[in-house]
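Letters A, B, ... mirror the listed sequences (proteins, then strands); counts begin at 1.
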Amino acid sequence: MKPCVLVGGLRKCKVLHGNVMSKPDQEMIRQILAGEKRALAELIDRHKDRAMTLAMRMLRNREDAEEAIQDAFVRAFQALPRFEWKASFSTWLYRIVCNVCMTALGKKGDLPHLALGEDDERSLDAPSADAPPDVEYESREFQSIVFDEIEKLPPLYATILTLFCIQEMGYEVIVEVTGLPLGTVKVRLFRARTMLRLAVGRRLGVRQSAAI
Amino acid sequence: MNHLTTREILEFVDGTILDGQRTHVIAHLEVCSRCRSEVEFHRTLVGAARRQPPHAPTRKFTDRVMQRILPKGQRRWIQTIMNNAGGVIAMGIVLAVLGYALLSSNSSASTQPSMITEMVKVCDDLYAKVQEFLKVQATKLESLSPKPRAIGSIKLILLTLLSLVALGAVDRWLIQPRIRARK
Ligand SMILES: [Zn+2]
């Protein structure tokens with residue numbers, strides 16, 4: 001790694017492939033614990049959008065989601081001196097976000113809706129759906145259809161899909177964040193992706209037949 | 001032909017498929033265009049989902065979180081003033097009125113009345129009128145005599161202190177709970 005350079009008053013490190021990478025969370029947390037307010041603001045800015053996306057998928061309401069992540073950040077930073085680095089800071093933070101959102105859903109009586117019953121793995125061993133329609137995958141329209149359909153997924157599936165796709169978490173990290181068993185995470189994620197695939201395929205199919 | 005299952009396709013796309021199954025999947029994909037396009041479709045879906053714009057909280061989010069996290073002594077001075085706006089305004093009013101009252105007492109000997117003296121006189125007159133109205137229920141009007149200025153000033157000071165207590169109460173029980181609720 002090349003030596004650190006000062007960029008806009010903040011120390012950032014250049015990595016070998018040329019991208020400018022900001023300080024790792026661990027370094028920023030050390031600075032926060034030493035009383036640096038700027039590091040605190042930077043760490044909040046770094047994680048707030050992803051935390052908000054996760055909370056939005058779970059709660060489906062901007063105000064509730066923002067309140068939930070505000071509580072989650074406060075809890076996380078208050079517990080920061082006791083943080084043990086058994087997981088990354090982001091994993092730990094998103095776990096708190098998940099817990100706060102679950103509590104919020106519980107208060108609203110929406111929890112049964114989120115925690116569906118048995119996760120039947122057998123459906124995943126069935127042959128895949130019909131052949132997908134022939135479309136331009138890179139088009140803006142395709143992107144917007146995918147976005148629409150993710151938003152429409154039930155919160156249970158949208159949450160897992162968000163952790164997997166948007167937060168780019170692996171199964172083990174999703175297990176840590178959600179507290180669900182690995183098998184359940186896999187089944188729910190596969191089902192979420194199958195539901196998304198069917199919904200997007202249907203939308204594209206309708207669009208294609210309309211064009212014909 | 002038996003097509004690949006959803007699980008096989010997704011595990012293949014994610015690269016988490018076991019080696020034994022991987023060989024079978026690759027062999028099938030070489031001869032089946034339908035499963036090949038299904039694999040491609042799932043890859044594209046994950047790619048498209050990863051490019052989705054995140055939801056962002058409102059603009060002042062970071063400030064609000066910091067305000068809740070940082071100890072009071074570390075908050076910005078402007079936030080401290082804003083949080084205690086009620087008290088600051090009350091103190092300003094009290095100091096101003098006290099200043100007027102004291103200045104008016106000192107300048108009462110002066111032959112030419114200042115503007116401050118005039119203002120205090122108006123307040124005194126107003127107060128005397130209110131007092132008169134209240135007492136008229138119990139006593140005769142002719143038994144009342146005009147109040148000396150010194151006594152009027154003391155009552156004015158007492159009234160200002162009362163207003164300070166009232167403003168302090170409004171700040172503590174009405175304004176501050178609203179500020180806390182907004183956080
Ligand atoms: Zn096939």
Side-chain angles (χ1 to χ4, degrees), chain A residues 35 37 40-42 44-45 48-57 62 65-66 69-71 73-74 77-78 80 121 123-135 137-138 142-143 145-147 149-151 161-162 164-166 168 170-171 186 189-191 193-194 196-197 200-201, chain B residues 1-17 21 25 28-29 32-71 73-76 79 180-183:
Chain A
K37 282 187 279 178
L40 176 62
E42 211 181 321
I44 296 170
D45 283 340
K48 65 182 182 183
D49 288 3
R50 287 181 171 191
M52 181 72 179
T53 306
L54 177 59
M56 277 291 287
R57 298 268 190 260
R62 273 202 73 84
E66 188 157 333
I69 61 165
Q70 208 179 112
D71 284 348
F73 272 109
V74 171
F77 286 117
Q78 280 171 348
L80 209 54
E121 292 195 41
S123 61
L124 298 171
D125 293 322
S128 56
D130 292 339
D134 188 22
V135 287
Y137 293 143
E138 295 300 316
F142 178 74
Q143 286 282 338
I145 289 173
V146 173
F147 183 77
E149 294 303 331
I150 292 176
E151 297 279 311
L161 193 67
T162 300
F164 180 74
C165 291
I166 297 172
E168 301 198 26
Y171 299 141
K186 272 190 183 179
L189 179 59
F190 283 1
R191 198 176 286 171
R193 289 163 75 181
T194 309
L196 180 67
R197 182 252 175 270
V200 172
Chain B
M1 188 192 294
N2 277 338
H3 291 293
L4 297 175
T5 64
T6 305
R7 183 195 297 275
E8 285 170 328
I9 286 175
L10 292 176
E11 286 183 344
F12 182 74
V13 168
D14 295 346
T16 56
I17 197 160
Q21 288 171 309
V25 169
H28 180 85
L29 288 175
C32 179
S33 63
R34 184 189 157 205
C35 285
R36 271 203 307 276
S37 35
E38 191 65 17
V39 164
E40 187 55 30
F41 194 40
H42 274 288
R43 274 200 183 122
T44 315
L45 279 177
V46 171
R50 288 199 165 141
R51 283 195 294 273
Q52 297 303 311
H55 289 275
T58 45
R59 205 166 49 86
K60 296 271 179 186
F61 177 80
T62 304
D63 285 345
R64 281 201 297 276
V65 174
M66 286 184 71
Q67 212 176 350
R68 281 180 65 184
I69 294 167
L70 292 176
Q74 287 187 37
R75 289 182 193 170
R76 288 180 209 164
Q79 284 171 343
R180 275 195 293 276
R182 283 186 68 190
K183 289 176 203 163

> Do B:Arg64 and B:Thr58 meet the criterion of a side-chain donor-acceptor pair at a distance under 3.5 Å?
Replying inline: yes
>> The test is side-chain contact (heavy atoms from CB on, under 4.5 Å); show your working for A:Phe190 and B:Glu11 and say whether it passes.
In response: CA-CA 9 Å; A:Phe190 283 1; B:Glu11 286 183 344; 3.6 Å; yes
>> If I measure from the heavy atoms of chain A, does B:Thr16 come under 4.5 Å with its side chain, its backbone, both, or neither?
In response: side chain
> A:Glu149: what forms a side chain to side chain donor-acceptor pair (under 3.5 Å) with it, not counting sequence neighbours?
Replying inline: A:Lys152, A:Arg203
> Looking at A:Arg193, A:Gln78, A:Met56, which has the largest count of heavy-atom pairs under 4.5 Å with chain B?
Replying inline: A:Arg193
> For B:Val39, is it the side chain, the backbone, both or neither that has a heavy atom under 4.5 Å from a heavy atom of chain A?
Replying inline: neither
>> Which atoms of A:Ile69 are under 4.5 Å from chain B, going by heavy atoms: the side chain, the backbone, both sets, or neither?
In response: both
Mind listing the side-chain donor-acceptor pairs of residues 47-54 of chain B below 3.5 Å, one per line with the distance, residues two or more places apart or on another chain?
{"from": "B:Arg50", "atom 1": "NE", "to": "A:Cys165", "atom 2": "O", "distance (Å)": "3.2"}
{"from": "B:Arg50", "atom 1": "NH2", "to": "A:Phe164", "atom 2": "O", "distance (Å)": "3.2"}
{"from": "B:Gln52", "atom 1": "NE2", "to": "B:Ala48", "atom 2": "O", "distance (Å)": "2.8"}

>> Restricting to non-hydrogen atoms, name the atom on B:Thr44 and the atom on A:Phe142 that form the minimum distance, rounded to 0.1 Å.
In response: CG2-CE2, 3.7 Å
>> Under a 4.5 Å cutoff for heavy-atom pairs, which residue among A:Thr162, A:Asp71, A:Leu54 has the most contacts with chain B?
In response: A:Asp71
